[in-house]
Structures are given as C-alpha cells and as structure tokens.
Novice: 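Have a look at this one before I ask anything.
Starting from 1, each residue takes its place in the sequence as its number. Please read these numbers as outputs of a predicted model, since none were measured by experiment. Computed over heavy atoms, backbone and side chain alike; hydrogens, waters and symmetry mates excluded.
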Amino acid sequence: MAKKEVPNKEMMVDTQSDEFAMLSEEEQQAILKKYDPESNTRDVKGIFRHIVFFGLLAFSIFQLYTAIFGQFIPFVQRSIHLGFALSLIFILFPAKKKPGVKRDKVPFYDIILSLLSVGVGLYWPLNIEKLVFQVGRVTDLDLIVGILAVALTLEAARRAVGLPITIISSVFLIYAFFGPYFPGFLGHRGQDVESLIQLMFFTTDGILGTPLSVSATFIFVFLLFGAFLVKTGVGNYFNDLAVVLAGRLVGGPAKVAIFSSALQGTISGSSVANVVTSGSYTIPMMKKLGYKKEFAGGVEAAASTGGQLMPPIMGAAAFLMVEFIGGVTYWQIAKAAAIPALLYFTGIWIMTHFEAKRVGLKGMTKDQLPDRKAVLKKIYLLLPIVGIIVFLLIGVPTMKAALYGIVLTIVVSAFDKSTRLGLKDMIDALVDGARTALAVAAATASAGIIVGVVVKTGLGLSLATGLISASGGNVLLTLFFTMIAAIVLGMGSPTTANYVITSTIAAPAIITLLMIDTPDATVPLVVALSAHLFVFYFGIIADITPPVALAAFAASGVSGGDPIKTGVVAAKLAIAAFIIPYMFVFNPAMLMIGATVPEIIWVVFTAVIGMTAIGAGMIGYWYRKSHWIERIAAVATGLLLIYPETMTDIIGLVSFAILFVIQWISRDKDEETVATA
C-alpha cells in the first residue's frame with residue numbers, strides 16, 4: 001500500500017549477477033503510467049512542484065498529528081482529508097491522459113478546481129457550529145457547496161482512479177433521483193436535489209461516510225508505514241531474499257517471483273504496482289532461463305495480485321471490512337485471511353513447479369545468486385513487519401500499531417549505513433505516502449456516494465432479496481452470481497470500490513442464506529467474515545481475469561508477451577483463488593475462528609493435497625506427462641479433497657493415492673508413449 005518502489009540496482013547485493021537485466025526506471029514508469037491510473041501524473045515544475053511537495057507533506061503531517069493526539073470530530077476530520085486529496089489531485093492528475101504528450105504545466109481550469117476543492121475541504125471546519133445547529137436544513141450556499149463536493153469528487157475519481165468508478169457512482173445518483181421510474185423491486189419514492197445533496201455532503205452516510213473515514217484514519221497511516229519501509233530498501237531486499245531462498249529450486253526464477261511478490265504484498269496494495277516492482281526483476285530472469293514470455297508474465301501477475309490478500313497488511317478494502325462488519329478487529333480479519341492467502345500462494349507454487357518439471361527447467365546456478373551471508377545480514381529489515389504482527393496480536397489498536405511500525409522502521413533502519421533513514425528520507429517518505437493516498441481518498445469518497453444511495457433508497461435490501469430469489473435460495477448459486485458480479489465490477493473499478501458495492505449488495509444475501517442453513521451457528525461473526533472475505537477475494541482476482549486483466553496487461557508490458565494469453569496463464573495459475581473462497585464459506589475452520597487446532601490442520605492438509613492434484617491436472621504433469629484421463633481424474637480428486645465433507649475427503653485421499661502410485665511407478669517409462677491433452 002505504499003508508493004511504487006522502482007528497484008535501484010545499486011541498492012542490491014553487490015554480488016548479484018548482472019546476467020538478468022532489469023527494466024530501466026524510465027521503462028518501469030512508462031508501464032505504470034499505461035496500466036495504473038494512480039501513476040499517470042503530471043511532471044509538474046516550478047512553483048507547482050513546490051506546491052505539490054508542501055501540500056503532500058502538510059497532508060501527512062495533519063494525518064500523523066490526528067493519529068497521535070486524537071482526531072477531530074468526524075465531519076471536520078473527513079472534510080479536511082477530502083480537501084487535501086481533491087486539491088492535490090487536480091494539480092497532479094491531468095484531465096486527459098494522451099500517451100506521449102509532455103505534461104509539465106497546470107492549466108488554469110485545474111488551478112480553479114484545486115482552489116474550489118480547498119474551499120470544499122474547509123467548509124465544514126469553518127462553519128461547524130452553523131451546520132450542526134441547522135439540524136438537517138440546507139441553505140442555498142450549502143446546496144452550492146454540496147453540489148461542488150459531489151462534482152469534484154466524481155471528477156477527481158475519474159482522473160486518479162479511472163472512468164468506471166465515476167460512471168458507477170453517477171448511475172447510483174441517477175437511480176436515487178429517478179427512483180419512481182424504475183420497475184418492480186428497484187422502484188422507490190426518489191430523492192430531490194436538496195435531499196440528495198444533504199445526504200451526500202451534510203451527513204456521514206455519503207461522501208463523508210464510512211469509506212472516507214477509514215481512508216482518513218487506518219489506511220493513511222498504513223500507507224505511511226509502507227512508504228517508510230520502501231525508503232529502507234526493503235522492496236529490493238525482498239527480491240534478494242527470495243532469490244537466496246528459492247533460486248536454486250526446480251523452476252527457481254518463477255518461485256522467486258512468487259516468494260518476492262508475496263513479500264511485496266505486505267507493503268503495497270496495488271496489483272499493477274507489484275507486477276512492475278518485482279516483475280521488472282523476476283520476469284527477465286524467468287525468460288533468460290527458458291520460460292515463455294506469457295508464462296513468465298502470468299506467474300508474476302498471479303503472484304502480485306495475491307499480494308493484496310497477504311496479511312499483515314492487506315489491501316485497503318480490508319480496513320473497510322472492519323467498519324462494515326462491525327464488532328471485529330483488523331487482527332481478526334488478518335488472521336482469518338492467513339490460511340486462504342497461504343493456500344493461494346501454495347497453489348501457484350505447485351503449478352509453477354509442475355510446469356518447470358514439464359518443460360525441464362532447472363534452478364539458478366550458484367554464481368547467479370546473491371551472497372547468502374550478505375543477504376541474511378539484512379534480515380533485520382523484516383522486523384517492522386514482524387513488529388506489526390506482534391502489536392496487533394497483543395491487542396494494540398490498529399492505527400497505533402501502524403504508528404509504532406513507523407517508529408520501529410526508523411529505528412531498524414539505523415542498524416546499517418545503507419538503510420539508515422536521514423531527515424530527507426523521512427520527509428520523502430511522508431510525501432510519498434501522501435501521494436499514494438490521493439487515489440485511495442478519491443476512490444473511498446466515490447464509494448461513499450454508492451453507500452449513501454444504497455442506504456437511503458433501501459437498494460441493498462432490494463437487491464439482496466432479488467439475488468436470493470434469482471438463485472432460488474441456493475447458497476452455491478448465490479455465491480456464483482456474486483463471484484461473477486465482483487469480477488465484472490473489478491475489471492473497471494479498484495478493489496476498494498468493488499468491495500463497497502458487493503459488500504453492501506451481495507454480502508447481506510450470502511449472510512442471510514448461510515444463517516438459514518446454519519441456524520445454530522456458534523458465532524455470526526464467522527458467517528459475516530466468510531461473506532465479506534468472499535467478495536473481497538473476487539474483487540481482487542478481477543485483476544487477472546481476462547478480458548480486462550490489468551495486472552496481466554502490466555506483466556505483458558514487462559515480458560513483451562501477448563496480454564490476453566498472459567491473462568489466461570495467470571488465471572490458470574491462480575485457479576486456487578477461484579476455489580478457496582468457496583472453501584472458507586462452506587468450511588469456516590479455514591478462517592481460524594471458532595475451530596479447534598486439529599480441525600484447522602485437517603482442513604489445510606486436505607486443501608494442500610487437493611490443490612496438488614488440481615495443479616497436476618491443470619499442467620498435465622506430475623512425475624511424468626499425464627494422459628487426458630489422468631488429468632480429469634486429478635482435477636476431480638482435488639475438488640473432492642477441497643469440498644468440506646468427511647466422505648469426500650476419504651474418497652479424495654484414496655483417489656490421490658492411486659494416482660500418485662500410478663505416476664510414481666510409471667515415471668521412468670518412455671514419455672513419448674504417454675498422450676498429452
């Protein structure tokens with residue numbers, strides 16, 4: 001969730017081989033600007049460069065001050081946060097993003113929009129008493145400011161996040177206004193302009209609602225934590241550590257990509273940023289050792305996308321989950337996501353292993369590896385991440401845990417000259433963290449529009465009822481429809497907005513059906529977590545689901561492969577991600593809540609065995625090339641093991657043993673006699 005770190009080769013271990021050339025910084029930035037709206041900014045110069053620098057610095061100082069000494073009342077805290085974000089977005093993000101056009105000047109209309117954003121951000125702090133005592137009444141000036149707030153939020157989201165989120169939010173506004181004209185269960189009495197604007201900017205159910213609240217508290221401080229970690233060079237260290245631990249294994253470069261991307265996920269909440277950051281190093285390495293362009297890109301895209309699922313610092317939507325579920329801590333969410341994340345990366349690891357064996361790829365040679373002692377000597381760089389886990393485990397409030405993590409990062413950085421953070425580095429980290437927060441603030445503010453309309457019109461209940469009706473009350477069908485909706489939404493909107501929409505519309509339907517099926521559920525919290533993590537997962541997986549798979553497209557930009565083929569490979573490698581959410585919905589023991597240790601161990605054991613079988617079936621190789629019948633049997637066996645029933649586990653284990661014995665006994669036979677699918 002931090003600024004996109006561009007690997008600096010000089011920061012890497014000196015003994016690192018130059019055989020695997022990384023992309024230049026310019027090439028990486030070009031890819032980021034093409035596929036990541038958050039990175040497609042102006043290169044402002046002159047006075048505007050100083051305005052942006054001090055504006056971002058002030059933004060971080062404001063957030064740190066309120067995190068340490070206490071927040072202002074919600075309206076003031078959130079409106080100032082919004083004002084900072086909007087005003088800086090209009091300076092940094094151009095209205096049109098034509099490729100190849102030099103953008104170093106800020107046009108007059110963006111200066112006006114930026115100043116209006118400052119006015120909107122200050123309206124609540126300067127008029128707090130008047131607005132509080134109006135008790136729901138809206139003056140003409142209030143109406144104008146509210147309309148400006150909505151318009152500026154939508155335009156800022158379009159620039160910093162992308163057009164889809166603006167379209168979706170606008171559609172919800174239209175729905176709120178023209179409610180009486182919608183047919184059937186979608187119809188409602190409608191909202192006039194005054195009541196709609198009051199809802200959007202003068203209550204905590206609209207733009208200044210829960211999503212923006214989370215951005216103005218938890219998310220921002222964790223973004224700063226990530227930015228401070230980046231300044232220590234931890235991103236590059238992840239690459240070196242991954243090479244040392246996995247480089248010499250079968251298919252080593254691909255496993256390095258998986259390991260490195262899993263670690264990168266602890267400091268970044270962007271799939272595209274993860275791809276470019278670690279992929280600029282791992283993809284050339286995979287290609288050099290024999291992997292096809294599409295497979296190399298697919299491995300990196302699948303692994304990088306999983307970064308948002310990786311505790312302790314998951315994507316921004318995980319922080320929203322704390323507020324949306326209620327009665328749950330961030331630590332409980334991170335703990336619940338731990339086994340699913342582990343299984344996700346295990347699935348990719350297994351499939352890349354079988355692919356490497358099928359193609360006959362070896363690991364890296366000893367002289368291609370960094371010096372092990374030099375790398376392990378810097379293991380202290382991981383202490384802040386371990387510290388965050390410990391802080392959350394012992395019950396430190398989430399925001400305080402992030403603050404302590406920042407302090408620990410500064411302390412740890414002093415262990416070595418090459419990682420030590422000076423005053424300039426810390427100021428740069430504050431600026432970089434605030435820059436990363438701009439798109440998150442715009443996305444959460446737009447998401448607030450959606451939530452406000454859903455709450456005011458009762459659309460959430462209507463759609464949940466409609467979803468249950470369409471599925472005939474079948475839990476599996478409801479989950480399937482929700483999965484499709486989350487993936488489609490995720491193709492054009494960020495994970496944060498996707499989660500907000502699906503959690504307010506689909507999650508209640510899932511929870512209702514699960515509670516009907518399990519009326520004696522020990523803790524409703526388990527059901528709620530299952531439902532919310534389900535929509536969270538599929539919103540993220542959209543980044544590698546063709547035809548619009550931004551992470552795969554970014555990976556193809558690094559690898560030079562075909563974008564669609566890369567997306568297909570990534571989706572195939574991440575097949576576990578399409579299965580795991582169903583697993584933890586039907587078997588909550590995987591979330592480590594309300595389950596015994598033996599139950600958790602058994603679930604993980606059968607899931608890993610099942611994914612091994614599925615991986616062998618998908619790749620078509622185990623100890624030798626597999627006949628098409630063996631491949632079908634392997635996938636079926638894996639599904640039986642993954643399904644949470646004792647009988648299916650027994651049948652699956654017996655089938656797995658039979659397949660294993662057949663493959664093992666015939667492993668030395670002439671492979672040419674074995675047909676492949």
Side-chain angles (χ1 to χ4, degrees), residues 298 302 339-340 342-358 471 474-484 487 530 534 537-538 541 544-546 568-590 599 601-667 669 671 673-677:
I339 291 177
L342 175 66
L343 293 177
Y344 175 87
F345 284 103
T346 300
I348 301 174
W349 185 286
I350 289 168
M351 293 185 73
T352 53
H353 176 79
F354 286 140
E355 174 67 12
K357 289 182 68 178
R358 185 184 72 83
S471 65
N474 184 285
V475 178
L476 188 59
L477 269 180
T478 302
L479 292 173
F480 178 76
F481 291 153
T482 302
M483 175 188 76
I484 299 301
I487 290 175
S530 300
F534 184 90
Y537 252 70
F538 283 111
I541 296 308
I544 52 171
T545 306
V568 171
V569 171
K572 179 181 175 182
L573 289 171
I575 190 68
F578 294 89
I579 300 172
I580 291 169
Y582 290 92
M583 291 169 59
F584 60 63
V585 167
F586 289 112
N587 194 346
M590 188 178 291
E599 286 176 331
I601 292 173
W602 179 253
V603 166
V604 174
F605 170 72
T606 55
V608 170
I609 297 296
M611 284 191 292
T612 301
I614 289 174
M618 294 290 290
I619 297 298
Y621 194 96
W622 200 337
Y623 287 100
R624 58 162 171 78
K625 291 181 181 178
S626 302
H627 190 275
W628 66 268
I629 294 177
E630 290 178 301
R631 295 181 67 173
I632 293 174
V635 172
T637 295
L639 292 174
L640 284 171
L641 284 164
I642 285 171
Y643 190 77
E645 290 289 343
T646 303
M647 184 56 67
T648 57
D649 285 346
I650 293 171
I651 296 171
L653 286 172
V654 171
S655 301
F656 183 88
I658 293 171
L659 287 170
F660 175 83
V661 170
I662 292 172
Q663 283 273 332
W664 178 262
I665 291 174
S666 60
R667 69 189 186 282
K669 292 183 179 180
E671 290 186 354
T673 63
V674 184
T676 57

Novice: Please verify the inter-ring angle class for F584 with Y537; under 30° counts as parallel, over 60° as perpendicular, anything in between as tilted.
Specialist: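 Answer is perpendicular, since the angle exceeds 60°.
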Novice: Please tell me if the side chains of N587 and E599 come closer than 4.5 Å, counting only heavy atoms from C-beta onward.
Specialist: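 No. Closest side-chain heavy atoms not under 4.5 Å.
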Novice: Looking only at atom types and distance, does a side-chain atom of E630 sit under 3.5 Å from a main-chain N or O of G617, one as donor and one as acceptor?
Specialist: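 A pair under 3.5 Å: no.
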Novice: To the nearest 0.5 Å, what is the distance between CD1 on I642 and CD1 on I614?
Specialist: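 Those atoms lie 3.5 Å apart.
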Novice: Check I544 against Y344 and note the closest heavy-atom contact, atom names and distance.
Specialist: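 Reported closest heavy-atom pair: CD1-OH, 4.0 Å.
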Novice: What distance separates I650 CD1 from T606 OG1, expressed to the nearest 0.5 Å?
Specialist: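 Reported to 0.5 Å precision, the distance equals 11.5 Å.
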Novice: Between F538 and F534, is the ring centre distance below 6.0 Å?
Specialist: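 Centroid separation for F538 and F534: below 6.0 Å.
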Novice: For the pair W664 and Y623, name the ring-plane relationship: parallel under 30°, tilted 30 to 60°, perpendicular over 60°.
Specialist: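 It falls in the perpendicular class, over 60°.
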Novice: Quick one: does L640's side chain get under 4.5 Å of D649's, heavy atoms only?
Specialist: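 A side-chain contact under 4.5 Å is absent here.
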Novice: Would you name the heavy atoms of G298 and V569 that are closest together and state the gap between them?
Specialist: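 Closest pair (atom of G298, atom of V569, distance): CA-CG1, 4.0 Å.
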Novice: Please report, to 0.1 Å, the donor-acceptor pairs under 3.5 Å made by any side chain of residues 476-483, with sequence neighbours excluded.
Specialist:
| from | atom 1 | to | atom 2 | distance (Å) |
| --- | --- | --- | --- | --- |
| T478 | OG1 | S471 | OG | 2.7 |
| T478 | OG1 | N474 | O | 2.9 |
| T482 | OG1 | T478 | O | 2.8 |

Novice: Answer whether the closest heavy-atom distance between the side chains of M611 and L641 falls below 4.5 Å.
Specialist: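 Side chain of M611 against side chain of L641, heavy atoms only: no contact under 4.5 Å found.
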Novice: Give, for atom OG1 of T612 and atom CE of M351, the distance between the pair rounded to the nearest 0.5 Å.
Specialist: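 Output value for this atom pair is 11.0 Å.
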Novice: Under 4.5 Å between any side-chain heavy atoms of I579 and L639, yes or no?
Specialist: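 They are in side-chain contact.
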Novice: To the nearest 0.5 Å, how far apart are CH2 in W349 and OG1 in T346?
Specialist: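 Going from the CH2 atom of W349 to the OG1 atom of T346 covers 9.0 Å.
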Novice: So I651 and M647, side chain to side chain contact (heavy atoms under 4.5 Å, CB included) or not? Walk me through it.
Specialist: CA-CA 6 Å; I651 296 171; M647 184 56 67; 4.0 Å; yes
Novice: Would you say Q663 and S626 make side-chain contact, with heavy atoms under 4.5 Å?
Specialist: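 Heavy-atom side-chain distance check passes, below 4.5 Å.
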Novice: State, to 0.1 Å, how close L343 and A576 come at their nearest heavy-atom pair, and which atoms those are.
Specialist: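 It is O-CB, 4.3 Å.
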Novice: Could you grab the distance from atom CZ of R624 to atom CZ of R358, nearest 0.5 Å is fine?
Specialist: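 CZ of R358 is found 15.0 Å from CZ of R624.
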Novice: Report the distance from atom CD1 of I348 to atom CG of L573, rounding to the nearest 0.5 Å.
Specialist: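 Answer for the CD1-CG pair, I348 versus L573, is 7.0 Å.
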Novice: I'd like to know if the side chain of R631 reaches the main chain of M618, judged simply by a donor and an acceptor atom lying under 3.5 Å from each other, with no hydrogens or angles considered.
Specialist: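 A pair under 3.5 Å: yes.
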Novice: Below 30° counts as parallel, above 60° as perpendicular, anything between as tilted: where do the rings of F660 and F656 land?
Specialist: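 Taking F656 first and then F660, their aromatic rings lie parallel (interplane angle under 30°).
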